[in-house]
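When a residue number appears, it is its place in the shown sequence, counting from 1. Treat the numbers as computed from the prediction; the structure is a model and nothing was measured.
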Amino acid sequence: MQQSGSLSGFGLGLRPEHYVEFASPGSGCARRVDWLEILSDNYLVPGGKPLYYLDKIREHYPVAMHGVAMNLGSLDPLDTDYLLSLRTLAARVEPFIISDHLCWTGYAGRHLHDLLPLPYSEEAVVHLSARIRQAQDFLGRRLVVENVSSYMAAATELTEWEFVAAIAESADCDLLVDINNIYVSANNHGFDPLVYLQSLPAGRVRQFHLAGHSVSTENSHLYIDTHDQPVCDGVWTLYAAALALFPDVPVMIARDGNIPSLDELVGELDRASQTAGATRREASHAAA
């Protein structure tokens, strides 16, 4: 089985608003982006504008494939047609990783278009691990799976971080750690996000996401993972802590709504690079 890649550096989520700039990066700010993450589901088509631009952009940038519809946590059988489309796209773009989410997105053939959380139980670990292994066997490569945010607390056998770590080991998969999602859930449920990070298996963390969130207009204590705002200071601080635990992990800025100019996103990416540099210097001084 092909392993997930180890590309380092600083990336952005590719959005149609920036196709032209990345297809011909020239000397602009697009040149300061090391790699791009595509939303796999937007390119599972035989042709059209998305694939036209993707082929051009792939000439200039390594890419990661990130999906939202593998439905790993569902009781429905895995969609082998969907997996075949992913495998075909992977052969086309040669991504350094293929990722999806630790959640379920549909049941009884109905797609719910949301990332729905799972119970943190041993039974769910067994169920989800088996399905991840099945997907990995079909794709011929190790998957990278992402933690999702949550908004309601329930009695569970495991903490979320114990659950995520158990899945990674049992399924023999890797992890995409969304720093914002940890921050959001920690606020909503009152746990220590540093404990979460410290409990993850270091050898399996392959990528970070940085993103923004919103605060509920009805409940100021409820944070919502909207990915439509700039990264907040609290997430930047948590990112620095994550880098101290998992150095040189590639990171990207994820923006799914209120898409700003590329200049603004690259500005956030520059801050990620500066944070990583400062963390490395601190680690070097501590070692000395």
Practice task
To the nearest 0.5 Å, tell me how far Asp270 CG sits from Gln274 CD.
Solution key: 6.0 Å
Exercise for the section: To the nearest 0.5 angstrom, please state how far the CG atom of Leu265 sits from the CD1 atom of Ile253. Expected result: 7.5 Å
Practice task
Could you tell me which non-hydrogen atom of Val148 sits nearest to which non-hydrogen atom of Cys103, and how far apart they are?
Solution key: CG1-CB, 4.1 Å
Practice task
Please check if the side chain of Ser24 supplies one atom and the backbone of Val20 the other of a donor-acceptor pair under 3.5 Å.
Solution key: no
Exercise for the section: Could you verify whether a donor N or O on one side chain and an acceptor N or O on the other, from Tyr82 and Thr80, lie under 3.5 Å apart? Expected result: no
Problem - Any pair counted as ring-ring contact (aromatic ring centres under 6.0 Å, His included), so long as it reaches residues 14-42, sequence neighbours left out - result: Tyr19-Tyr53, Phe22-Tyr61, Trp35-Phe96
Practice task
Check the pair Asp172 / Arg133 against salt bridge (charged side-chain N to carboxylate O under 4.0 Å, His left out), numbers first and verdict last.
Solution key: CA-CA 8 Å; Asp172 192 23; Arg133 285 183 175 274; 5.2 Å; no
Exercise for the section: Taking atom types as modelled, find out whether His213 and Asp225 have a side-chain donor-acceptor pair closer than 3.5 angstrom. Expected result: no
Problem - Glu160 CD to Leu102 CG distance, which is reported to the nearest 0.5 Å - result: 9.0 Å
Practice task
Could you tell me whether the side chain of Leu36 reaches within less than 4.5 Å of the side chain of Ile57, counting heavy atoms only?
Solution key: yes
Practice task
Considering only NZ, NE, NH1 and NH2 on the basic side and carboxylate oxygens on the acidic side, decide whether Arg271 and Asp233 come within less than 4.0 Å.
Solution key: yes
Practice task
Identify, with sequence neighbours excluded, every residue that meets ring pair (Phe, Tyr, Trp, His ring centres under 6.0 Å) alongside Trp161.
Solution key: Phe191, Tyr196
Handout entry: Any donor-acceptor N/O pair, Ser170 side chain to Ser129 backbone, under 3.5 Å
Key = no
Exercise for the section: For Gln229 and Asn258, indicate whether the former's side chain and the latter's backbone hold a donor-acceptor pair under 3.5 Å. Expected result: no
Practice task
Would you check, one step at a time, whether the test side-chain hydrogen bond (donor to acceptor under 3.5 Å, both in side chains) holds for Tyr239 with Thr237?
Solution key: CA-CA 5 Å; Tyr239 169 56; Thr237 299; over 6 Å; no
Exercise for the section: Rounded to the nearest 0.5 Å, what's the gap from CZ on Arg141 to SG on Cys173? Could you check? Expected result: 14.0 Å
Exercise for the section: Write down the atom of Ser85, the atom of Leu44, and the distance for their closest heavy-atom approach. Expected result: O-CD2, 3.7 Å
Practice task
Output, in order, the C-alpha distance, side-chain angles, deciding distance and verdict of side chain to side chain contact (heavy atoms under 4.5 Å, CB included) for Val177 and His209.
Solution key: CA-CA 6 Å; Val177 178; His209 273 183; over 6 Å; no
Problem - Ion pair Arg255/Asp228, N-O distance below 4.0 Å - result: no
Exercise for the section: Decide yes or no for Val184 and Ile224: does some side-chain heavy atom of the first lie under 4.5 Å from some side-chain heavy atom of the second? Expected result: no
Handout entry: Backbone N/O of Met152 and side chain of Asn188: donor-acceptor pair under 3.5 Å
Key = no
Handout entry: Atom pair CD1 (Ile38) and CG (Asp41), whose distance is rounded to the nearest 0.5 Å
Key = 9.5 Å
Exercise for the section: Mark yes or no for whether Arg131, through its side chain, and Ser74, through its backbone, hold a donor-acceptor pair below 3.5 Å. Expected result: yes
Fill in the blank from the handout: Taking every heavy atom of Ala254 against every heavy atom of His227, the minimum-distance pair comes out as CB-CD2, 3.7 Å
Problem - Any donor-acceptor N or O pair under 3.5 Å, side chains Glu37, Gln207 - result: yes
Exercise for the section: Find out if a path of hydrophobic residues (ILVMFWY) with successive side-chain heavy-atom gaps under 4.5 Å connects Leu118 to Leu158. Expected result: yes
Practice task
Answer yes if Val68 and Leu116 sit in the same cluster of Ile, Leu, Val, Met, Phe, Trp and Tyr residues linked by side chain heavy atoms under 4.5 Å apart, and no otherwise.
Solution key: no
Problem - Atom CZ of Phe138: over 12 foreign heavy atoms under 6.0 Å - result: yes
Handout entry: Asn147 side chain to Asp178 backbone, donor-acceptor under 3.5 Å
Key = yes
Problem - Heavy-atom side-chain proximity of Tyr183 to Cys232 below 4.5 angstrom - result: yes
Exercise for the section: Could you pull out the closest heavy-atom pair between Leu51 and Pro46, with the gap in Å? Expected result: CD1-C, 3.9 Å
Practice task
Mind running side chain to side chain contact (heavy atoms under 4.5 Å, CB included) on Val145 and Leu176 for me, showing each step along the way?
Solution key: CA-CA 5 Å; Val145 293; Leu176 191 170; over 6 Å; no
Practice task
Could you tell me whether a side-chain N or O of Ser121 sits under 3.5 Å from a main-chain N or O of Ala124, the two making a donor and an acceptor?
Solution key: yes
Problem - Main-chain N/O of Arg206 paired with Asp174 side-chain donor or acceptor, under 3.5 Å - result: no
Handout entry: Expected output: side-chain His101 to main-chain Gly67 donor-acceptor under 3.5 Å
Key = yes
Practice task
Could you verify whether a donor N or O on one side chain and an acceptor N or O on the other, from Ser40 and His66, lie under 3.5 Å apart?
Solution key: no
Problem - Leu83 CG to Asp137 CG distance, which is reported to the nearest 0.5 Å - result: 11.0 Å
Problem - Any donor-acceptor N/O pair, Trp104 side chain to Leu115 backbone, under 3.5 Å - result: no
Problem - Thr105 side chain reached by Leu72 side chain, heavy atoms, under 4.5 Å - result: no
Practice task
Verify side chain to side chain contact (heavy atoms under 4.5 Å, CB included) between Leu175 and Val164, making sure each step is shown before the conclusion.
Solution key: CA-CA 8 Å; Leu175 298 175; Val164 171; 3.7 Å; yes
Problem - Minimum heavy-atom distance Leu243-Ala276, with the two atoms named - result: CD1-CA, 3.5 Å
